[in-house]
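This report refers to the structure that appears directly beneath it.
In each ligand, atom 1 is the first atom listed, and ligand 1 is the first ligand listed. Because the structure is a prediction, the values reported are computed rather than measured. The chain is numbered in sequence order, starting from 1.
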Amino acid sequence: MTTPILHHYEFSTFSEKIRTALGYKQLAWKSVDIPGLPPRPLLTPLTGGYRRAPVLQIGADIYCDTHAILSALERLKPTPSLFPSDTEGLARGLGFAWERQMWVPTIGVLVHFIGEHIPPEFIKDRKEGYLGIDISKNAMAPQFQEHVQFVRGQIAWLAQAVTTHKYVLGDQLSAADLACWQTIFLLRKNCPPEVDTLLNLGPIVPWYDRIAALGHGTSTAMTPEEAFEIAKTSKPQPVTHITASANSEGIAVGSKVSVTPEDNARVPVVGTLVASDAFNIVIHRHDDVAGDLHVHFPRLGYTLVAA
Ligand SMILES: N[C@@H](CCC(=O)N[C@@H](CS)C(=O)NCC(=O)O)C(=O)O
């Protein structure tokens, strides 16, 4: 069963990045709608505790984080490529840096406009289980000017790039475009039109619209139960994309390890190391009900330790 299954929710902008990648690659996929905050009782046993969204499932292979997901989609359908000629390093590095730097300032601008509509239980969850900061409108207000200036500064160089050529790294789309685009999508989708003026978004709108027009590919709804059953009845695929297993920590394949995001939602996922290189970590987990699983993470942004 190689049809990709995306566990996601509509207002998740990192999920929108992946939905758009599925559109770019014109893939058919299964859509599992998850709640915007835990509990997610049929997803947690598959990830081993990783709590962010989205998560991609291919059979009994579970991909955590959009950076691991994009690589999996690239292997599944190499053309059109998310890393067109010579852009792979830059596309990966820039996408990571943009998202890391932009996430909190983007939320600061978002809550300035719509913060009063965010339910208290959501604010509480984001503080206690995800970001570790209070994202209520009042709590973020003192930093509003700082956040606006930061986002404008980032938009300025983005505008320079995407008005010189069609996309961030040249005339072909790359994963860097999707990373930059998704944080702006969150704002343009939810804020009143004045956000365009506030952030000087005018020059990037043609680029923004080109990416928005990619759509989401062809999706069919799937229940969490069906997705779980597929994991249960599938076997993890042999890892062929990591040739020489090596990590600078010197942790041997077969060791018990934990993998933890180092920015937020720091829930360690424990398993047995299957393979790792400079870009990927794959661990094996056995869940009492779901059975054997491979859980995949990107190397950058995750801490691997012997458990
Ligand atoms: N680095 C992660 C970040 C993902 C992320 O932060 N996603 C948000 C949703 S847009 C999230 O997980 N929020 C908390 C949650 O849904 O539990 C990635 O690229 O996938």
Closer than 4.0 angstrom, basic N to acidic O: yes or no for [X] and [Y]?
X    : Y    : result
R266 : E262 : no
E99  : K17  : yes
E249 : R299 : yes

Suppose I only count heavy atoms of [X] and a 4.0 Å limit; which atoms of ligand 1 are within that range?
X   : result
S12 : 9 (C), 10 (S)
R51 : 14 (C), 15 (C), 17 (O)
T66 : 18 (C), 19 (O), 20 (O)
T13 : 10 (S)
R40 : 15 (C), 16 (O), 17 (O)

Atom 8 (C) of ligand 1 [closest protein heavy-atom partner, distance rounded to 0.1 Å] = Y130 OH, 3.4 Å
ask   = Quick one: does Y9 get within less than 4.0 Å of ligand 1, heavy atoms only?
value = yes
request  = State if R126 counts as touching ligand 1 under the rule of any non-hydrogen atom under 4.0 Å.
outcome  = yes
task = With sequence neighbours excluded, tell me which residues meet side chain to side chain donor-acceptor pair (under 3.5 Å) with S31.
result = H8
ask   = How would you list, by chain and number, every residue that makes a side chain to side chain donor-acceptor pair (under 3.5 Å) with E121, sequence neighbours excluded?
value = none
query = Where does the angle between the aromatic ring planes of H112 and F144 fall among parallel (under 30°), tilted (30 to 60°) and perpendicular (over 60°)?
reply = parallel
Would [X] count as a polar contact of ligand 1, with the cut-off being nitrogen or oxygen pairs under 3.5 Å?
X   : answer
A53 : yes
S15 : no
D65 : yes
K17 : no

query = Just wondering, more than 12 heavy atoms not from K256 lying within 6.0 Å of its NZ?
reply = no
key: Stacked cation flag R52 on F14, 6.0 angstrom / 45 deg   = no
